[in-house]
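These notes concern the structure reproduced below.
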Amino acid sequence: MSALGRLFPKLTVALVLGAAWLAPACAVQQAFLVQNSGWMEPFYTDPDSQFKPLIAAVAGAAASPGDKLTLLAFSQTSGTNVSPLALGEIGTAGTVMPSLAALGLARKGGPNSALADTDFQEAIGSVIRTTFQARPGIIWIFTNNKNSPGNDPATAARNLDFYRMLHLEPSITRTLVFPLKMPVQGKKFAARGLMVYALAYGKEAGDELNKILANGRLSAILTRQPARLKPVDQDGVRIVPESILNTPDIKASIGRDQRTLVLDVEASKLVPAVRLKASLENLFYPYLIGHAGVQGTLRVGQRTVPLEVTPANIDNLAPGERKSIEVNFKLPLEEVPSAWSRQSMAAMGKQVTIPMTVDVGLSDQQLALPDSFKAEMAELFPGDPISDVFVPPASVRVSMTRVPLLVRVQYPMLPVLVVIGAVFAFVAALLGLLLLSSRSTRYAVHVDGVRRQVVLKPFRSLVIQDGEGNPVGTLRRGVGAPQVSSVLPGHTLTLG
């Protein structure tokens, strides 16, 4: 059972299953957990400490109008000391500093008692149960990474329990870590680094955390790239297009979101087979992809088309680095509208966009930490098995990345002009016929040998009578001259 499950086993399933229908329509709630146990002494007593200003800045960058934000201090519940201790709801970043300014180190049983110990699991479980009420939310943790319940000297072992929870607890859908350099010197202890965790509880919270990272405000405060602890089975690589090898008529590029593949081509030059030269970039910071097999499929609606990726394996790809690959696939041309289709006509000679997706899978995935990263963490957190927090579970051997693909087809104006011309010609013909049908013409006829004049409009008929008013026959006219359609016995009717 996971560490979080051991803390409140009856709630673990309910938290996962109930998150969707319990979640409000507004933004996901956020809690800011600030460690104030004895191990944090230098962060509170060093006059040059930037600990509290950093917390206020992160809260301001992560918050959006209407968010429910809660500020809490945490150590370990013992005697009269309660952990976590709510410092109040904060509507804006401006209300954070007054609460933080009064925050000091917690003590176990009163003002003169020993400094409080630390229990990460207790604090996280309490926030989820009480502050979040089992609804999705983001938990921010500001800590020196020392987990010592009951003043347990085996802080390294306690940290390992905490790290396992971050990786394995299913209700924690996304975990990011910001290891920061913050040297402080107190009266009792000294520290070199500070850790900021961002834990997304529930899927909605994971989506909200992604939005917070994407808007760029947080990166202005936490300038270091966040290390991803979870998930390590999604979005591990990115395809960066370079060129199309088999035809110069298709142009490959990457969209503004730096993820979407874009292929631009004229309708008359579209080919079914595409050979794309690209790079595969490792997004698994801070992990080195020691080895992985690469597969892919092209998805159009509910249909899938296989992709061929060469080479089929990648080895020793460091975070942020790229490896050249070739991607071969066939475009489903039946999904591409004809130049005479309603969709292309509506585009009026402009681009028609056909959305697709490329699924890139890594199998037999083997992730490892670069030695340089391990050394950096050991310097920031000496004596702490900090590298263990980044070791992904051995069970995670497969990851999937879904890349949007847009095929933008440029259609010519000729079909549109042909259709417009045909419409104009048809209208002109109708107008001509309408004009002709309203004009009368005089014609000479011989009725029983007597010459007479008659007036007849197009598409009309006329009954011809003799001098006594008796019918002789009928004339009918179309567009041109009239014709004798019938003559009664004993009479003659001719034109001219």
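Being a predicted model, the structure only gives us computed values, none of them experimental.
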Closest contact, heavy atoms only, [X] versus [Y]:
{"X": "S99", "Y": "L71", "result": "CB-CD2, 3.7 Å"}
{"X": "L263", "Y": "A252", "result": "CD2-CB, 3.8 Å"}
{"X": "T492", "Y": "G449", "result": "OG1-N, 3.7 Å"}
{"X": "L331", "Y": "V271", "result": "CD1-O, 3.9 Å"}
{"X": "F178", "Y": "R224", "result": "CD2-O, 3.8 Å"}
{"X": "S461", "Y": "L456", "result": "C-CD1, 4.1 Å"}

*pair F142-V58: side-chain heavy atoms closer than 4.5 Å*: yes
*Can you find a heavy atom in the side chain of Y443 that is under 4.5 Å from one in the side chain of Q453?*
no
*Tell me, with the steps shown, if V196 and V177 meet side-chain contact (heavy atoms from CB on, under 4.5 Å).*
CA-CA 6 Å; V196 179; V177 184; over 6 Å; no
_Below 30° counts as parallel, above 60° as perpendicular, anything between as tilted: where do the rings of F32 and W140 land?_
parallel
_With no hydrogens and no angle check, just 3.5 Å: does a side-chain donor-acceptor pair link E242 and S279?_
yes
*Does the side-chain contact (heavy atoms from CB on, under 4.5 Å) test come out yes or no for V398 and L362, once each step is laid out?*
CA-CA 6 Å; V398 176; L362 299 183; over 6 Å; no
Looking at [atom1] of [X] and [atom2] of [Y], how far apart are the two atoms once the value is rounded to the nearest 0.5 Å?
{"X": "L280", "Y": "E321", "atom1": "CG", "atom2": "CD", "value": "12.5 Å"}
{"X": "I250", "Y": "R275", "atom1": "CD1", "atom2": "CZ", "value": "12.5 Å"}
{"X": "I124", "Y": "T131", "atom1": "CD1", "atom2": "OG1", "value": "12.5 Å"}
{"X": "I354", "Y": "R408", "atom1": "CD1", "atom2": "CZ", "value": "12.0 Å"}
{"X": "R299", "Y": "L405", "atom1": "CZ", "atom2": "CG", "value": "13.0 Å"}
{"X": "L72", "Y": "S126", "atom1": "CG", "atom2": "OG", "value": "8.0 Å"}

_Which residue is it: R259, Q258, R322? I am looking for the one with a side-chain contact (heavy atoms from CB on, under 4.5 Å) to V240._
R322
_For L176, run the side-chain contact (heavy atoms from CB on, under 4.5 Å) check against L222, L229, L209 and tell me which one passes._
L209
*Could you please spell out the steps behind the salt bridge (charged side-chain N to carboxylate O under 4.0 Å, His left out) verdict for E326 and K277?*
CA-CA 5 Å; E326 182 178 316; K277 181 183 178 182; over 6 Å; no
Has the side chain of [X] got a donor or acceptor atom that lies under 3.5 Å from a matching backbone atom of [Y]?
{"X": "Q30", "Y": "K68", "answer": "no"}
{"X": "D257", "Y": "T260", "answer": "yes"}
{"X": "Q234", "Y": "P231", "answer": "no"}
{"X": "R174", "Y": "K230", "answer": "no"}
{"X": "R477", "Y": "P482", "answer": "no"}
{"X": "Q366", "Y": "A292", "answer": "no"}
{"X": "E281", "Y": "I239", "answer": "no"}
{"X": "D359", "Y": "T297", "answer": "no"}
{"X": "T173", "Y": "G202", "answer": "yes"}
{"X": "N282", "Y": "Y287", "answer": "yes"}

*asked:* Which residues pass the side-chain contact (heavy atoms from CB on, under 4.5 Å) test with H446, not counting sequence neighbours?
replied: R451, T494
_Pair Q295-S363, side-chain hydrogen bond (donor to acceptor under 3.5 Å, both in side chains): steps then yes or no_ = CA-CA 8 Å; Q295 306 85 32; S363 60; 2.8 Å; yes
*asked:* What I want to find out is whether D207 reaches K203 closely enough, with some N-O distance under 4.0 Å, to be called a salt bridge.
replied: yes
*Going through the distances and angles, do V447 and I464 end up as a side-chain contact (heavy atoms from CB on, under 4.5 Å)?*
CA-CA 8 Å; V447 181; I464 306 299; 3.5 Å; yes
*What pairs with R452 under salt bridge (Lys or Arg N to Asp or Glu O under 4.0 Å), at least two apart in sequence or on another chain?*
none
